[in-house]
Trainee: 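I'd like to ask you about the structure that follows.
Computed from heavy atoms alone, side chains included, the values below leave out hydrogens, waters and symmetry copies.
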Amino acid sequence: MNCNKGTESVSERYSAQEIEAKWQQKWDTAGIDAASSDEDGRESYYCLAMFPYPSGNLHMGHVRNYCLGDAVARYKRMQGFNVLHPIGWDAFGLPAENAAIKHHRPPAEWTYANIDQMRGQLKRLGLSYDWSREIATCHPDYYRWEQWMFTKLIEKGLAYQSNAEVNWCDPCHTVLANEQVVDGVCWRCDTPVIRKNLKQWFIRITDYAEELLADLDQLTGWPEKVVGMQRNWIGKSTGAEVSFGLENSEERLDIFTTRPDTLMGVTYMAVAAGHPLAQKAAESNPGLAVFLDECSKISTKEADVETMEKKGMSTGFNAIHSISGEPVPVWVANFVLMGYGTGAVMSVPAHDQRDFEFAKKYDLRIQQVIAPVNGDWDITSGAFTDAGVLINSGQFDGLASTEAKQAITVWLAENNKGSERIQYRLRDWLVSRQRYWGAPIPVIHCDDCGAVPVSDDQLPVELPTHLQPTGGASPLSECEAFKHTDCPQCGKPAERELDTFDTFMESSWYMNRYTSPRNTEAMVDAADMQRWAPVDQYIGGVEHAVLHLLYARFYHKLMRDAGLFTAGQGGDEPFKNLLTQGMVLKDGTKMSKSKGNTVDPSAIIERFGADTARLFTLFAAPPEKDLEWNDAGVEGAHRFLGRVWRLLQKLDDSHGEANANDDAASVKAIRFATHSTIKKVTHAFEHGFAFNVAIAALMELTNSLQAYEPVGDAGKAAYSEGMEALAVMLAPFVPHFACEIAERLGMEKIAVVSSWPQVDESALAQDEITLVVQIQGKKRGEITIAKDLGQDEAMAAARASASINKWLDGMQVVKVILVPGRLLNIVVKLV
RNA sequence: GCCGGGAUGGUGGAAUUGGUAGACACACGGGACUUAAAAUCCCGAGGACUUAACUGUCCGUGCGGGUUCGACUCCCGCUCCCGGUACCA
């Protein structure tokens, strides 16, 4: 190694801290991170990473998310796009209230302090955000538009009030979030939670179910799994609504079923504990009243409801079978929920496994009405849940399940006992939260006029920010100044709604607000939407695959339908491409404070610099997979930067032009390395963002350059070419470092604004190729032949190799498969 | 429970989407440099057996089957882990 030439730079070691401070200042001065509002001929590109909840400190999951986004944003800038890359704070939410209780500070104080802290950390990472567009959702300038939108939804009938159950803790006198219910008890006082019915606000997302489902087809830039999860979540099913009569009553019991073909197999009905029929039965049945009370002590979590022991009790009432007219006992079951559909289901134990187990447990009748098309089914062994042929179904006997669904539904409709019905699993969006730290729901309750939306000129309804939560009832209920107001309609004294919005409300439209974040005239500006929306690349955790992403898609359509922009201006969908990143794990589980397995990004940055932190998080795993944290790996990333740094030593001041026609084999090899790396790294940015592989390719190029001894002008030029390409391609990942290298290479532009390198195809041309030779699909050797040779020549070359030919001895060649440029597989058999 | 995803050396991962399994890195071992250490550089390495030999053979991508000239990749059946499950965000 030629160590003497570069003695001056040897003494100067790579110092991340100095370099990073220097370049952050330079970028800031140059203003290269701001999205340009001028028409400058560049195409727009909107890159968005999910904004953070300001929890206190940046964690590694944030670092990963934002480094991914920054790599994309920087790459697109280098490709010549005018890039919008904003950041802000999802600042309302439960943790702020919890912290407020713990530290006796109002949540606003805690939240804003965290924002300041985390903003500093993001800046220290050198992320190329347009800070002039920063937003915080807890600011009235932001949530006023959400309140405005809600009043429009009330006017349109898209927002409404209805009863819904919440987890209630009696001693704490408060509603508990699902997260605060641990094994059925309150996390703070260990009291079993009970369900409480409250009047709450809903938004009719079900009105948009069909469009939300249909438009999934447009989302070709989304991972298929996310599209599939949304499709399942919406859960469209076609079935029948069936109306059962009740013995000795005028009332009816309505249910929905996806299996009308099994209707003749109904042997009992099951209703929710909260169903009027159950309540009525309990009045004269103390045992049942006790059971209903027990049912109200399950948390509202779906996982709890579905996995608990299935229990029931008879109401003593009978329903009348819609077709047969036979009496059918009505039971109360703890797994039937009020508020999902009609709060009642028909039960067919012969053809539904849960019903089967329930029937076995309580010795209820099992009536088989579907038989397998081929063979028999032992109905004592379990439910037969497949489609088949109808039996024991009177006039419908012999029909196949699909025909029977149709026939029975038609019969029900003709006899006024039901109809075909499309049902969605998706339920309307419950947006009320009985919490303080959220956007106030802009409604005033008047004794005479009812729930009246706050008028435009009275918006925003500002949340008092000085209140102190205690863990009990919402402090808003004790804030007289907030609570009391006048009815906008009749002027009489009235009370404000004390609930606040679900924080998903804020995160459902922030992507659009970034297009005109300081707009005081409207929620968004149509021209700005035209320019930037939809988001070209959205990046965030898989955990948001359903809820956040579905609500945001819905809200986008609400905004469109409110006339804020047209489909042409903002698209029908808010996010064109989606990258779902995996979590950051340590010791196999998600990093979290409670588990004590967190790694503080600041400590890494302090020790190794931002570029090392960035490089490691991008290199350690493919973006969509979970990333296992590894301290040693961080050191490895840092060492890599040191290796590149030392490559500078090999350069002297000659900078000739690289020439593709230079025939020196070593020049050709290094140029091949350079240009194949450009190809690989570019491919990573254009297809799937496999940055771990892109960085591995850059490491390989580094290894090649390190092993290369530049000789003569052509050699030096090829070396410079490789170094410059390396510096520019490193810029999206380790921007400070790349800029410093580029500057030291004497490049005219700093790396972050350099244009992306082009592949010189002539440097990739090869005269000879290596083919793997397989016999019976097992690798037996390699041959190197001229690239255009065919199967016969390849066979000849294979036979010429002794180590290959020995496998062909005494064999008859049956078949030869040549995969051009890859392999030759020879299939043989004994002669 | 239901929906979705995953499993490849000691570790993180790669494999041009059916064509050389283990790129790149971490950890480890050996060597060079050094008074020494750090840093750096060079070399080695999936496992088993075998050879004078990095010779050669076999096995190997969670488990059990299948399709194919050829399977980490496709199909069927499992196991375990992770995410979501509507009030954590």
Trainee: What integer number of Å spans the C1' atoms of B/G46 and B/U40?
Mentor: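 The answer is 29 Å between these two C1' atoms.
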Trainee: How many whole angstroms separate atom CG of A/L701 from atom C1' of B/A23?
Mentor: 15 Å
Trainee: Determine the interplanar angle of the A/H544 and A/H548 rings, folded into 0 to 90°, and report it as parallel if under 30°, tilted if 30 to 60°, perpendicular if over 60°.
Mentor: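 A/H544 and A/H548: perpendicular rings.
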Trainee: Kindly give the heavy-atom pair with the smallest separation between A/R64 and A/M583, and that separation in Å.
Mentor: NH1-O, 3.4 Å
Trainee: For B/G9, does the O4'-C1'-N9-C4 or O4'-C1'-N1-C2 angle fall within 90° of 0, making it syn, or is it anti?
Mentor: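 Syn, angle within 90° of zero.
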Trainee: Using the ring of each side chain (for Trp, its six-membered ring), is A/F685 parallel, tilted or perpendicular to A/F733, with breaks at 30° and 60°?
Mentor: parallel
Trainee: Under a 3.5 Å limit for both distances, which nucleotide forms a Watson-Crick or G-U wobble pair with B/G60, could you say?
Mentor: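 By the stated definition (distances under 3.5 Å), nothing pairs with B/G60.
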Trainee: For B/C74, give its Watson-Crick or G-U wobble partner with both distances under 3.5 Å, or none.
Mentor: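 Here B/C74 is engaged in a pair, and the nucleotide opposite it is B/G66.
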Trainee: Decide, yes or no, whether a salt bridge links A/K679 with A/E761 under the criterion of side-chain N to carboxylate O below 4.0 Å.
Mentor: yes
Trainee: Please state the P separation for the pair B/C59 and B/C78 - nearest whole angstrom.
Mentor: 29 Å
Trainee: Roughly how many Å apart are B/G83 and B/G29, using the P atom of each and rounding to a whole number?
Mentor: 35 Å
Trainee: For atom P, what is the distance between B/C74 and B/A15, given to the nearest Å?
Mentor: 14 Å
Trainee: Mind checking A/R354 for me? I need base, sugar-phosphate or nothing, with any heavy atom below 4.0 Å counting as a touch.
Mentor: nothing
Trainee: Starting at the 5' end of nucleotides 10-21 of chain B, put B wherever the base has a protein heavy atom under 4.0 Å, S where only the sugar-phosphate does, and a dash everywhere else.
Mentor: --BSS-B--BB-
Trainee: Using distance alone, with no hydrogens and no angle criterion, decide if A/D428 and A/Y160 have a side-chain donor and acceptor under 3.5 Å apart.
Mentor: yes
Trainee: Can you give one letter per nucleotide of nucleotides 52-61 of chain B, 5' to 3': B if a protein heavy atom sits under 4.0 Å from the base, S if only from the sugar-phosphate, - if neither?
Mentor: ----SSSS--
Trainee: Expressed as a whole number of angstroms, how long is the span from A/N703:CG to B/A23:P?
Mentor: 13 Å
Trainee: Any base atoms under 4.0 Å from A/G636, or only sugar-phosphate, or nothing? Heavy atoms, all strands.
Mentor: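 Touches sugar-phosphate only.
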Trainee: Would you give a per-nucleotide map of nucleotides 84-89 of chain B, 5' to 3', where B means the base has a protein non-hydrogen atom under 4.0 Å away, S means only the sugar-phosphate does, and - means neither?
Mentor: SBBBBB
Trainee: B/G4 pairs with which nucleotide, Watson-Crick or G-U wobble, both distances below 3.5 Å?
Mentor: B/C82
Trainee: Check the distance between B/C3's C1' and A/N232's CG and give it to me in whole angstrom.
Mentor: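 After rounding, the gap between these two atoms is 6 Å.
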Trainee: May I ask which nucleotide in the shown strands pairs with B/A45, Watson-Crick or G-U wobble, both distances under 3.5 Å?
Mentor: none
Trainee: Which whole number of Å gives the distance between the P atom of B/G18 and that of B/G12?
Mentor: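 Their P atoms lie roughly 26 Å apart.
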Trainee: Could you state the CG-C1' distance from A/L698 to B/A25, rounded to the nearest angstrom?
Mentor: 13 Å
Trainee: How many Å lie between CD1 on A/I298 and C1' on B/G1, as a whole number?
Mentor: 14 Å
Trainee: So what does A/M50 hit on the nucleic acid, given a heavy-atom distance under 4.0 Å: a base, only sugar-phosphate, or nothing?
Mentor: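 Answer is nothing: A/M50 stays at 4.0 Å or more from every strand.
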Trainee: Apply the syn/anti split at 90° from 0 to B/U11 and say which one it is.
Mentor: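 Anti, which is what one calls it when the glycosidic angle falls more than 90° from 0.
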Trainee: Hey, does the side chain of A/Q353 reach the backbone of A/A383 with a donor-acceptor pair shorter than 3.5 angstrom?
Mentor: yes
Trainee: Between atom CZ in A/R639 and atom C1' in B/A39, what is the gap in whole Å?
Mentor: 10 Å
Trainee: Roughly how many Å apart are B/C80 and B/C28, using the P atom of each and rounding to a whole number?
Mentor: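 Going atom to atom, P in each nucleotide, I get 35 Å.
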Trainee: Using the C1' atom on both, measure B/G19 against B/A25 and round to a whole Å.
Mentor: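 Each nucleotide's C1' atom is 26 Å from the other's.
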Trainee: Are A/Y555 and A/Y208 close enough that some pair of their side-chain heavy atoms sits under 4.5 Å apart?
Mentor: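 With C-beta onward as the side chain, the pair stays apart.
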Trainee: For the pair made of CG in A/L705 and C1' in B/C41, what is the distance, rounded to whole Å?
Mentor: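 To the nearest whole Å, that distance equals 17 Å.
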Trainee: Think A/Q706 has a side-chain N or O under 4.0 angstrom from the OP1 or OP2 of B/C41?
Mentor: yes
Trainee: Using the P atom as the reference point in each nucleotide, state the distance between B/U8 and B/G64 in Å, no decimals.
Mentor: 16 Å
Trainee: State which residue, out of A/F92, A/W110, A/Y143, A/F501, fulfils the ring-ring contact (aromatic ring centres under 6.0 Å, His included) condition with A/W437.
Mentor: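 Single ring-ring contact (aromatic ring centres under 6.0 Å, His included) partner of A/W437 among A/F92, A/W110, A/Y143, A/F501: A/F92.
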Trainee: B/G5 C1' sits how many Å from A/Q230 CD, rounded?
Mentor: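 Going from CD in A/Q230 over to C1' in B/G5 covers 16 Å.
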Trainee: Run the ring pair (Phe, Tyr, Trp, His ring centres under 6.0 Å) check on A/F619 and A/F640 step by step: do they pass?
Mentor: CA-CA 11 Å; A/F619 176 64; A/F640 165 69; 8.1 Å; no
Trainee: Donor-acceptor pair, distance only, cut-off 3.5 Å: does the side chain of A/K301 make one with the backbone of A/V181?
Mentor: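 Such a contact is found between A/K301 side chain and A/V181 backbone.
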Trainee: I'd like to check A/E306 versus A/R354 (side-chain heavy atoms, cut-off strictly below 4.5 Å). Are they in contact?
Mentor: yes
Trainee: Could you tell me the Watson-Crick or G-U partner of B/G12, where both distances fall under 3.5 Å? Say none if there is no partner.
Mentor: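 The base-pairing partner of B/G12, which may sit in any strand shown, is B/C24.
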Trainee: Do you know which two heavy atoms are closest between A/G821 and A/L771, and how far apart they sit?
Mentor: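 Looking at all heavy atoms of both residues, the closest pair is C-CD2, 3.8 Å.
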Trainee: Which atom pair, heavy atoms only, marks the closest approach of A/Q706 to A/L647?
Mentor: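 Closest approach of A/Q706 to A/L647, heavy atoms only: CA-CD2, 3.6 Å.
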Trainee: Can you tell whether the side chains of A/K225 and A/E624 come within less than 4.0 Å, N to carboxylate O?
Mentor: no
